[in-house]
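Computed from a predicted structure; not experimentally measured. Letters A, B, ... are given to chains in the order of the sequence lines, protein chains preceding strands, and every chain is numbered from 1.
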Protein chains: 2
Amino acid sequence: MTAIPGNRKVTRKDVARYAGVSDAVVSYTLNGGAPVAPATAERVREAVRLLGYTPNASARALKLGSSHMIGVIVPDSTNPFWAELCRWVETVARSKGFAVLVLNANDSKAIRLEYLQTLASRQVDGVLLTGEIDALDVDRFNATGVRWAMLNQSTTIDGALGVGVDLAAGARDATAHLIWHGYTRIAFIGEMADARYGGWLSTLTEAGLAPGPLFDAKFTREGGYAAGQALAASHDSVDAVFVSSDMLASAVLRALHEADLAVPGEIAIASFDGSPESEYSWPALTTVRQPVQDLAAKAVAQLLHREQPPEDEQLLAGTLIVRQSCGCP
Amino acid sequence: MTAIPGNRKVTRKDVARYAGVSDAVVSYTLNGGAPVAPATAERVREAVRLLGYTPNASARALKLGSSHMIGVIVPDSTNPFWAELCRWVETVARSKGFAVLVLNANDSKAIRLEYLQTLASRQVDGVLLTGEIDALDVDRFNATGVRWAMLNQSTTIDGALGVGVDLAAGARDATAHLIWHGYTRIAFIGEMADARYGGWLSTLTEAGLAPGPLFDAKFTREGGYAAGQALAASHDSVDAVFVSSDMLASAVLRALHEADLAVPGEIAIASFDGSPESEYSWPALTTVRQPVQDLAAKAVAQLLHREQPPEDEQLLAGTLIVRQSCGCP
DNA sequence: ATGAAAGCGCTAACAT
DNA sequence: ATGTTAGCGCTTTCAT
């Protein structure tokens, strides 16, 4: 009497008939919409078990106007940092009964918007967005009618919910640590549009140090490798480098090793993210850990409970994890 | 007149009224269910645009009995190999109009089954499953009533759709390459339950070589690191090692470097997966690349088009990528 | 404590 | 070429 694949799907009506009650009572039993006599409830549960009944989420979503799903749009779920963040989002959302749709926007604003619309049509209850955002984007996002919030936003912007990590502060911590080590010619690898660039620059300036060379790199392994090679070529004028992401840094490491440059001996490194990968590179990376779990939890809470957090809680702090690539023992 | 957030959702009926046609015509225009006069179609499309209408996917799913979603259950989407595979699944599925729900089962069979049920209740059109599977599992999976197939299955099993990579053959290729280099004491790091273990073992035996030491390791970075340390401790009796995954291998690399052992000089390495990470480790890993894109495409096709492939196409071949960790220049 | 029935937004068979 | 309508499976109001 259990469900046999290929059989017609068993619906709530089947359960009702089998238990000798009305459809409503099944609903009451399952969702607690009204009191049900213990004996009846037991009969219903028994029928559910026997028939192998599972509620139809589409029907439920249609009726309730909520799919109990949220969407997340990241630049690249293959980047360990985003992978970890998405996994936390999934974990947090699941614990609240929500499923998660992850989409890759490939660093494209156009794709991000397109996917947001796709998600909207799928009736998701909210979407977590990543990447740069300006006032125009806010309007476009709002036009979809779907609730949204920024995940890991880099700058707070009016009318936009979201949490992020204080990238500039993190970069300052990392750079300051490098300076503390006594390095004076500290390079930068990453995107200049990124807040980490500003953090690096201001820290050097305030310390009275001339900013070291600057290697523009997209957030890809190829980009990191190329920047690493460029860095190796000019290693005479550099004794340390701040790299904007662990993924980039591990590729930089490879380029430096290839050029037979000792890390941290000839060039010290501090990077950003605190991804699992950073702990197992050689040497282990000194890095600014982003509080991914917290980020995920806060973002989901904002999205689902419409919690507008106080402004000063929209930027979380990263924590410097000191390992060996900076020169610490 | 465009959608303003907070407004009542605009439905197909609104579009119909605005365009001065019946609900059906809107459907015909959008889905091509029946011929529509060009002028009418244009009016409808105009209304859609003006009102910012997006079809309600829940209603559609309820009506059609298909949510146009599939699920994927992996052990750990944070592992670069799974991350890449999931991304391909998403890409392939998207191109066919399907969205993807990714769930992490944490290497637990119980969780895998639980999630399969969750997905079933969400009316997904199919689920891609990973990990070990036996006849009992097949029954349990079938009992959910949802269509499923194995993604990256290690062994074909009766009554189960799916594609996988010939792990044993891949491990043989890698081990053979190590032997070709002249190494004679070749260790193994990975899980013994895995087909790669058999491939490693048989290749050594057939070559008349005594199997080197064997370090059991779960597929985690911690596991790889511990195994690497054990390997380093017994490096006198080892000149090469086959590691079952890139993620493991990169942690092994770290342990070896820490022990000041030269790779490939003192211990050569060949590993498995061909993840992006493997190219940018130091030294770059010689590894067996799994055809992730092909895997994803074939699995999705089987799931969606109910294509039962010929038996000999259920196991795809990996390709050995020769880089430096094996001793090649 | 339980039942009857309306209606969520959509598609498709049938009628015109 | 276009309109009318039933019904997908569910929740929930209102009766009983």
Side-chain angles (χ1 to χ4, degrees), chain A residues 3 7-45 47-48 51-69 97 120-125 145-146, chain B residues 3 7-45 47-48 51-69 97 120-125 145-146:
Chain A
N7 264 15
R8 188 177 58 77
K9 253 300 195 188
V10 14
T11 81
R12 191 215 44 195
K13 188 173 249 165
D14 299 317
V15 175
R17 187 170 20 225
Y18 190 90
V21 297
S22 76
D23 322 20
V25 174
V26 178
S27 193
Y28 298 150
T29 309
L30 265 32
N31 312 328
V36 176
T40 318
E42 191 40 56
R43 275 212 323 288
V44 170
R45 267 189 285 272
V48 166
L51 302 177
Y53 167 72
T54 40
N56 182 323
S58 304
R60 202 149 195 278
L62 175 58
K63 179 69 193 180
L64 298 177
S66 153
S67 61
H68 270 65
M69 294 196 303
S121 80
R122 286 197 180 269
Q123 310 301 114
V124 295
D125 294 324
V146 69
Chain B
N7 265 15
R8 187 178 59 78
K9 253 297 194 190
V10 14
T11 81
R12 191 215 42 195
K13 190 172 248 163
D14 299 317
V15 175
R17 188 170 18 224
Y18 191 88
V21 297
S22 76
D23 321 21
V25 173
V26 178
S27 193
Y28 297 150
T29 309
L30 264 33
N31 313 327
V36 176
T40 317
E42 192 40 56
R43 276 212 323 285
V44 169
R45 267 189 286 271
V48 165
L51 302 177
Y53 166 73
T54 41
N56 182 322
S58 303
R60 205 151 191 277
L62 175 59
K63 178 69 192 180
L64 298 178
S66 154
S67 60
H68 269 64
M69 294 195 302
S121 80
R122 284 197 181 268
Q123 311 300 113
V124 296
D125 294 323
V146 69

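The NZ atom of Lys9(A) sits 6.0 Å away from atom CD of Gln123(B), with the distance rounded to the nearest 0.5 Å. Summarising the geometry, atom NZ belonging to Lys13(B) is positioned 6.0 Å from atom CG belonging to Asp23(B); distances are rounded to the nearest 0.5 Å. Of the inter-residue distances, the one linking Asn31(B) atom CG with Arg60(B) atom CZ reads 4.5 Å to the nearest 0.5 angstrom. To the nearest 0.5 Å, atom CZ of residue Arg122(A) and atom OG of residue Ser67(B) are 7.0 Å apart.
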When the side chains of residues 37-44 of chain B are checked against the rest of the protein, which donor-acceptor pairs come out under 3.5 Å, sequence neighbours left out?
{"residue": "Arg43(B)", "atom": "NE", "partner": "Ala19(B)", "partner atom": "O", "Å": "3.1"}
{"residue": "Arg43(B)", "atom": "NH2", "partner": "Ala19(B)", "partner atom": "O", "Å": "3.1"}

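One atom, CD of Glu42(A), and another, P of dA1(C), lie 16 Å apart when rounded to the nearest Å. In this structure, CG of Asn56(A) is placed 17 Å from P of dC10(C), rounded to the nearest angstrom. Remark: P of dC10(D) and CG of Leu30(A) are 9 Å apart, rounded to the nearest angstrom. One interatomic measurement links the two molecules: CD of Gln123(B) to C1' of dG9(D), which rounds to 9 Å at whole-angstrom precision. Regarding His68(B), its NE2 atom lies at a distance of 16 Å from the P atom of dC10(C), rounded to whole Å.
Minimum heavy-atom separation, Ser58(B) to Leu62(A): CB-N, 3.9 Å. Taking all atoms of both residues into account, the shortest heavy-atom contact from Val10(B) to Asp14(B) is CA-OD2, 3.4 Å.
When distances run from any side-chain atom of Thr11(A) to the nucleotides dG9(C), dG9(D), dT2(C), the shortest one goes to dG9(D). Closest contact between the side chain of Leu62(B) and the listed nucleotides dG9(C), dC10(D), dT2(D) involves dG9(C).
Side-chain contact between Tyr53(A) and Leu30(A): present, with at least one pair of heavy atoms (C-beta onward) separated by less than 4.5 Å.
Between Thr40(B) and dT2(D) there is a side-chain N or O to OP1 or OP2 distance below 4.0 Å.
Listed for the Arg12(A) side chain is no donor-acceptor partner under 3.5 Å among the backbone atoms of Asn56(A).
Each end of the helix from dA1(C)-dT16(D) to dT16(C)-dA1(D) gets its own axis, taken as the rotation carrying the C1' atoms of four end pairs onto the next four within a five-pair window, and the two axes meet at 40° to the nearest 10 degrees.
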Quiz item: How does each nucleotide of nucleotides 11-16 of chain D score, in 5' to 3' order, for protein heavy atoms under 4.0 Å: base (B), sugar-phosphate only (S), or none (-)?
Solution: BBB---
